[in-house]
Asker: 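I have a structure I would like to understand better, so I am pasting it below and will then ask my questions one at a time.
In what follows, chains are A, B, ... by sequence order, proteins preceding strands, each numbered from 1.
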Protein chains: 2
Amino acid sequence: MAERTPTRAVTIKDVAAASNVSRATAARALNGYGYVGEAVALRVTQEAARLGYRGNRVAQALRQGQMPIIGFIPGDIQNPFFARIAHDIDVLLRSRRHNLIIASSEENQKQERELLDSLFALNLRGLIVAPASAEGNDHLQRLAAEGYPLVLIDRAVPDVACDTISVDNARGAHEAVNYLIRNGHRRIGVIHDDSRIITAQERLGGYRQALSDSGLPVDPHLMAVSQSTVQHAIDATIRLFSQPDRPTALFTLDSLMTTGALLALRSMGLCVPQDVSLVGFDDFDLATFTDPQITVVSQPVGQIGPLAVQMMMERISGGDSPPRQVRFPTRLIVRGSVARMSQSAR
Amino acid sequence: MAERTPTRAVTIKDVAAASNVSRATAARALNGYGYVGEAVALRVTQEAARLGYRGNRVAQALRQGQMPIIGFIPGDIQNPFFARIAHDIDVLLRSRRHNLIIASSEENQKQERELLDSLFALNLRGLIVAPASAEGNDHLQRLAAEGYPLVLIDRAVPDVACDTISVDNARGAHEAVNYLIRNGHRRIGVIHDDSRIITAQERLGGYRQALSDSGLPVDPHLMAVSQSTVQHAIDATIRLFSQPDRPTALFTLDSLMTTGALLALRSMGLCVPQDVSLVGFDDFDLATFTDPQITVVSQPVGQIGPLAVQMMMERISGGDSPPRQVRFPTRLIVRGSVARMSQSAR
DNA sequence: CACCTGAATGAGATCGGTATCACATCTGGT
DNA sequence: ACCAGATGTGATACCGATCTCATTCAGGTG
């Protein structure tokens, strides 16, 4: 049928020639605008189908100014949290005839800047970003100020006026720690990371606040610095629980740290929840896989992607309403990893 | 500084005007080809920097025929196996100044076809695909025949002549089942799926072959049909182990099924490995998280992405050597989930 | 019957960058 | 002094699709 040299694609010129009309008329027939004769329109569409014509998106994009593509810069695509969101965004965008480019910043702001530049140069329609750092976001600020479609997810940052979707980290952490306190715990350890990721800062803030609200001291000996990897969390947990007067409960700031803590506690021969109670931030597969299952603060992962896409599409189609800042509540899922402290043990 | 209206980007025309040279000269200076005077070159690059000029990739792509983008169609981006590969590909492509578009087929061939079309229309430089089905791959075949840069990963399919990277599924499965046999097991169950994914078929083939090689019968009662989800695997496992003469060992064809099997066995009060020995195909986080840890057939995940990128870049830069078909060996990682059958128990 | 309106079409500009070609200038060798 | 070749620069075509503008022709109106 369609006689095609291997390398050359069918252009609108070919269709026009095959239909004995001009390029302009062919374009009108194929895109259905302006005046086109019925017979001609039919002929053109048939020829297009016969030749296997597919419009060249690049040329269209040049004319119209942009590619039908949205960029997504998550903190780390291998993190199930972001993988899930990426998947949701991808599916929804596709249903709106757009594509998604994913480029992971690997929690590195320098890389984030580079990615931003490189994606921006592709003339995408907009960007969805989970900023790697709470500070130094002038690159985002500039984009937002220019009115470029930008949606921030998971991590709100100050001074950047754009649509933002985040989670109430402070309150979630507060609730988790408070739950431990209500169960009689007084020495509550925390594995946190010293990075500039704002979610971690907010969660640590919630931990501190919960302690002070109950009149408990914020003891530096109970706070172990880690990074957001399983291995670092293992080390930090071991450090924390090798102390003479060790915590009776532990709060971990994300799922990787929770995993690390579990592995470390097991290697130290400490049982959850008999020896140590545990609450983690962010729900994850493993949490229901252990025995007992882990009590966690869960985030509404499934709502973030869809809302991000909705906000993005509104921006793209010219909505210039003031930026929306949505903050989802978290939910404490009580499972079996917290034991009630007896009075005597305090 | 750079006086920019919000919507209009800096073009090479602006740079040329600011430098008092023609567009052609500006282009030469910025891309470093042809003859350009030293002083002029300096002036142009400085003006470009001052104005914040970023080349328009879309225009470049139109001229040169393609976008500096590779497409990737995995079976399921939420599967850690593919997430890992996607990440590797992304990092390597970026170091070669390319971007990656990921579009998950969700193991659905129809969707795969649609994605292929939609990505193809974007004039990408090439596609990396994990075909959803072993059959009906005329869409891939056509692309390969045209000489379009195409690399198939994880799943080799017959009749498509292009670079392919896969894993020796049959041999891996054979080795796993053989290991169970050597440990005295005779009634070895398998959870398989009836889908058209070729890896599953090959692994099931290895299971069958290992049994026949040892003179053991292939008993349909020992084979439970599932799908590649945790929930389906749970059901299949329960069915399998509710029979009167239940298996003493179980082989699962992928990590999701292994997870499901573990959950099901626990819910039935069966202990691994005392009551049932278990070997799974594909290593995964959970496997080292359980007690005892699970013996698995591991695939060289970390090698697939890099090799795929290498092959792709060779194709893009015009290499027209005959298609390479690389098949990686698997490795049996012996951990604690297989018990030796005593003679008496047979 | 001149004039207008709407339908149908083609010619050509345009998007931003790149590549070819032509023109000018300069150098050095004979 | 003259020409070949190297060097620097601008004009212009081109990639493929779209859109504006001009043109043509049919039919209706005063």
Asker: Using a cut-off of less than 4.0 Å, is there contact between a side-chain N or O of A:Ser22 and OP1 or OP2 of C:dG10?
Answerer: yes
Asker: Quick one: which of C:dT9, D:dA11, D:dA13 gets closest to the side chain of A:Arg28?
Answerer: C:dT9
Asker: Take atom CG of B:Leu122 and atom P of D:dC15, then tell me their distance rounded to the nearest Å.
Answerer: 21 Å
Asker: Whole angstrom is fine here: how far is it from CE in A:Met67 over to C1' in C:dC15?
Answerer: 14 Å
Asker: On a heavy-atom basis, which atom in B:Ala86 and which in B:Ile77 lie closest, and how many Å separate them?
Answerer: CB-CD1, 3.8 Å
Asker: Mapping B:Leu62 and B:Ala26 to their closest nucleotides on DNA chain D, which lands nearer the 5' end?
Answerer: B:Ala26
Asker: Contact between B:Leu127 and B:Pro149 at the side-chain level, heavy atoms closer than 4.5 Å - yes or no?
Answerer: no
Asker: Is it true that B:Glu107 and B:Arg155 make a salt bridge, defined as a side-chain N closer than 4.0 Å to a carboxylate O?
Answerer: yes
Asker: Taking only Lys NZ, Arg NE, NH1 and NH2, and the carboxylate oxygens of Asp or Glu, determine whether B:Arg113 and B:Asp138 approach each other closer than 4.0 Å.
Answerer: yes
Asker: For D:dT9, take OP1 and OP2 only and decide whether either is under 4.0 Å from a side-chain N or O of B:Thr25.
Answerer: no
Asker: Is any side-chain nitrogen or oxygen of B:Tyr53 closer than 4.0 Å to OP1 or OP2 of C:dG16?
Answerer: no
Asker: From CD1 of B:Ile12 over to P of C:dC15, roughly how many Å is that when rounded to an integer?
Answerer: 15 Å
Asker: Whole Å only: how far is the CG atom of A:Leu30 from the C1' atom of D:dG16?
Answerer: 13 Å
Asker: Can we say A:Lys110 and A:Glu114 salt-bridge, meaning some charged N sits less than 4.0 Å from an Asp/Glu carboxylate O?
Answerer: yes
Asker: In whole Å, I'd like the distance from the CZ atom of A:Arg63 to the P atom of D:dT20.
Answerer: 8 Å
Asker: Among the nucleotides D:dG16, D:dT18, C:dG6, which one has an atom lying closest to any side-chain atom of A:Tyr35?
Answerer: C:dG6
Asker: Can you tell which of D:dT9, C:dG10, C:dA19 lies closest to the side chain of B:Ala24?
Answerer: C:dA19
Asker: For residues B:Glu106 and A:Val91, report the shortest heavy-atom separation together with the two atoms involved.
Answerer: OE2-CG2, 3.7 Å
Asker: Hey, is the side chain of B:Arg57 pairing donor to acceptor with the base of C:dG17 inside 3.5 Å?
Answerer: no
Asker: From the list D:dA17, C:dA19, C:dG16, which nucleotide is the closest neighbour of the side chain of B:Tyr33?
Answerer: C:dA19
Asker: Should A:Gln60 be listed as having a side-chain N or O under 4.0 Å from OP1 or OP2 of D:dT18?
Answerer: yes
Asker: Rounded to the Å, how far apart are B:Glu38 CD and D:dA6 P?
Answerer: 20 Å
Asker: Using a distance-only criterion (donor-acceptor N/O pair, under 3.5 Å, no hydrogens), is the base of D:dG16 paired with the side chain of A:Arg23?
Answerer: no
Asker: Both B:Asn20 and B:Gln64 contact DNA chain D. Which one's nearest nucleotide lies toward the 5' end?
Answerer: B:Asn20
Asker: Any base atoms under 4.0 Å from A:Val21, or only sugar-phosphate, or nothing? Heavy atoms, all strands.
Answerer: sugar-phosphate
Asker: For a quick check of understanding: with a heavy-atom distance under 4.0 Å over all strands, which category does B:Val40 fall into, base, sugar-phosphate or nothing?
Answerer: sugar-phosphate
Asker: Write down the distance between CG (A:Asn31) and P (D:dT20), rounded to a whole number of angstrom.
Answerer: 13 Å
Asker: For B:Gly55 and for A:Gly37, find the nucleotide of DNA chain C with the closest heavy atom, then tell me which residue's nucleotide is more 5'.
Answerer: A:Gly37
Asker: Please state how far atom CD in B:Gln66 lies from atom C1' in C:dG17, giving the value in whole angstrom units.
Answerer: 16 Å
